[in-house]
Number of protein chains: 4
Amino acid sequence: MAGSVNKVILVGNLGRDPEVRRMTSGEPIVNLSVATSESWRDKASGERKEKTEWHRVVIFNENLAKVAEQYLRKGSKIYLEGQLATRKWTDKDGQEKYSTEVVLNRFRGELVLLDGRGEGAGGGQSFGGGSSYGGGQGRVSGGSDAPASFDRGELDDEIPF
Amino acid sequence: MAGSVNKVILVGNLGRDPEVRRMTSGEPIVNLSVATSESWRDKASGERKEKTEWHRVVIFNENLAKVAEQYLRKGSKIYLEGQLATRKWTDKDGQEKYSTEVVLNRFRGELVLLDGRGEGAGGGQSFGGGSSYGGGQGRVSGGSDAPASFDRGELDDEIPF
Amino acid sequence: MAGSVNKVILVGNLGRDPEVRRMTSGEPIVNLSVATSESWRDKASGERKEKTEWHRVVIFNENLAKVAEQYLRKGSKIYLEGQLATRKWTDKDGQEKYSTEVVLNRFRGELVLLDGRGEGAGGGQSFGGGSSYGGGQGRVSGGSDAPASFDRGELDDEIPF
Amino acid sequence: MAGSVNKVILVGNLGRDPEVRRMTSGEPIVNLSVATSESWRDKASGERKEKTEWHRVVIFNENLAKVAEQYLRKGSKIYLEGQLATRKWTDKDGQEKYSTEVVLNRFRGELVLLDGRGEGAGGGQSFGGGSSYGGGQGRVSGGSDAPASFDRGELDDEIPF
DNA sequence: TTTT
DNA sequence: TTTT
């Protein structure tokens with residue numbers, strides 16, 4: 001096809017800790033549940049309303065998976081870029097189901113930590129300590145070496161430009 | 001919630017003509033089926049592979065609905081921005097289903113025609129000629145008044161900035 | 001021209017308080033100075049390097065101007081969307097200069113507060129009577145509620161969709 | 001700094017052929033001049049107005065540079081992603097000048113051909129024929145396919161996901 | 001179901 | 001299930 005673009009940009013919070021698994025080949029699969037919400041005042045009633053949308057995010061990228069595993073926790077606020085993918089699956093009753101996910105894979109995807117303050121993370125836990133994240137677009141944060149942003153690129157890399 | 005962002009950006013082609021309906025209140029509901037695809041050469045086999053993703057796009061915005069109805073056709077190439085929304089519904093067998101859609105509503109959404117060459121459109125059909133689209137961000141195209149881009153703003157409006 | 005898109009997305013921090021002025025017509029002009037930075041480890045030297053980019057952001061949109069004036073301070077972290085515009089000006093020595101800015105105007109632009117914790121803001125200062133961040137992608141606000149996210153749309157509006 | 005994002009998305013047309021140079025190290029420097037425009041009808045006068053913005057785009061990425069050199073021509077319509085960078089330089093009169101550019105470098109940047117119909121390209125000129133760039137959002141390649149989309153990744157690569 |  |  002003449003060129004196409006499939007891009008999702010989310011800024012939201014994790015509803016729970018990342019779920020990290022590995023394929024038998026060793027490839028990572030990290031599932032994130034990300035909430036975005038909007039609120040508005042209803043014109044008729046004058047009430048404030050709020051609607052939260054939950055996004056299934058799947059990370060297949062090795063570097064981003066490591067980052068998610070190490071630095072993301074329930075409550076973490078993140079910026080992420082991925083692409084939409086809908087997959088078909090069959091539930092236990094033989095029903096065909098579809099699930100649409102935001103995928104960050106080897107080729108596409110970006111993850112930026114907007115705080116390091118999910119449960120368990122950021123607080124007592126030490127980022128850095130010889131750690132060396134921060135490559136690529138890495139925006140490292142904090143007194144330590146805790147990364148605040150990553151992309152799929154190699155970590156510990158050369159000058160960006 | 002402290003601020004969040006829920007944004008989808010697609011550049012792709014319509015797999016079929018837009019489906020246009022109206023709610024009893026008169027509000028428009030336009031369904032688009034948009035394809036994006038990627039191709040790559042498989043390292044192992046050396047074969048070219050291609051994967052097409054189909055996106056359900058729903059337009060609730062009056063102005064964008066009009067534009068879609070008038071100018072989009074099967075095959076049309078568009079740039080669009082919307083937000084992800086997943087809704088639950090029950091099929092005829094009483095099964096719960098979820099559908100994730102890219103929504104362009106009153107508040108959010110943008111539509112840019114990247115060609116005017118879908119079936120039926122652009123060819124013999126005249127754009128413009130008294131038409132007056134092009135407002136808001138309108139990028140009008142062609143010799144005539146055919147719009148190539150719109151947003152949810154009022155059409156025929158003042159200077160953008 | 002057949003449709004075009006001109007979009008900038010920044011997540012960064014304000015280097016100083018917003019500068020707010022008004023045209024004689026009453027139209028607002030708010031200038032923001034927004035920093036984005038990236039860090040990486042230099043492959044050759046092994047040193048960590050960091051580069052900060054400063055962005056000139058100009059808000060011509062009444063609602064966003066109010067939000068910026070009320071809620072943004074030096075240090076505030078924001079997500080924003082605008083468009084690139086380069087303008088020519090002549091300095092005091094008669095030299096022609098160009099300045100490229102990220103513009104949020106009546107038609108385009110979005111502003112999301114990612115924290116309310118810039119200097120002066122958020123701390124002792126009270127947002128809205130007891131309330132009530134209105135956040136989310138809240139096109140929001142109202143009487144006294146501090147919004148956390150806005151777009152150019154009317155505030156206090158109906159249900160988004 | 002806690003994570004930041006610096007992203008520009010443009011859909012526009014090249015005002016002239018790409019200018020391709022190489023650093024002594026062999027690194028590519030490709031300059032593009034990309035136009036985006038908006039038109040609108042002035043409320044007061046009823047006249048149609050149009051404003052074109054010209055963007056300086058610089059590609060430091062080897063793969064994207066090749067693609068630009070081979071497939072882009074004056075008039076080509078593209079989707080691109082890059083980041084804002086402002087650099088200082090001194091003109092021949094010793095005056096300090098600033099230039100803001102949209103940069104696609106080793107780490108960041110994407111380029112999608114929305115048509116292959118710039119001057120010289122697409123028309124008589126053959127894409128493919130031994131060429132090996134690939135279409136789609138192809139990070140890609142392919143026997144004889146004219147490319148429609150690339151990112152900074154390696155070409156001829158494995159399955160995306 | 002599109003497009004190349 | 002998050003966040004405010």
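Any value given below was found using the heavy atoms of this structure, including those in side chains, with hydrogens, waters and symmetry copies removed. Keep in mind that this is a model prediction, so the values were computed, not measured. Just so it is clear: chains get the letters A, B, ... in the order the sequence lines come, proteins before strands, and each one is counted from 1.
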Whole angstroms only, please: what is the [atom1]-[atom2] distance between [X] and [N]?
{"X": "B:Asp115", "N": "E:dT3", "atom1": "CG", "atom2": "P", "answer": "10 Å"}
{"X": "B:Arg16", "N": "E:dT2", "atom1": "CZ", "atom2": "C1'", "answer": "10 Å"}
{"X": "B:Leu10", "N": "E:dT2", "atom1": "CG", "atom2": "C1'", "answer": "13 Å"}
{"X": "D:Leu113", "N": "E:dT3", "atom1": "CG", "atom2": "P", "answer": "18 Å"}
{"X": "A:Arg73", "N": "F:dT3", "atom1": "CZ", "atom2": "C1'", "answer": "18 Å"}
{"X": "B:Asn6", "N": "F:dT3", "atom1": "CG", "atom2": "C1'", "answer": "15 Å"}
{"X": "B:His55", "N": "E:dT1", "atom1": "NE2", "atom2": "P", "answer": "17 Å"}
{"X": "D:Tyr79", "N": "E:dT4", "atom1": "OH", "atom2": "P", "answer": "20 Å"}

Distance-only donor-acceptor test, A:Thr52 side-chain atoms vs F:dT2 base atoms, 3.5 Å: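 Yes.
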Side chain to side chain, B:Ile9 and B:Leu80, heavy atoms closer than 4.5 Å: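 The answer is no, as the side chains (C-beta and beyond) never meet within the 4.5 Å cut-off.
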N-O pairing of B:Arg108 and B:Glu81 below 4.0 Å: no
Selection from F:dT1, E:dT3, E:dT1 that lies nearest to any side-chain heavy atom of A:Ser33: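 So the side chain of A:Ser33 is nearest to F:dT1.
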Nucleotide nearest B:Lys74 (side chain, heavy atoms from C-beta), chosen from E:dT1, E:dT3, F:dT3: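 Between E:dT1, E:dT3, F:dT3, the one nearest the side chain of B:Lys74 would be E:dT1.
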Face-to-face stacking of B:Trp54 with E:dT2, centres under 5.5 angstrom, angle under 30°: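 No, aromatic ring not over the base.
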Qualifying residues under side chain to side chain donor-acceptor pair (under 3.5 Å), relative to A:Glu96, sequence neighbours excluded: none
With sequence neighbours excluded, residues passing side chain to side chain donor-acceptor pair (under 3.5 Å) with A:Ser33: none
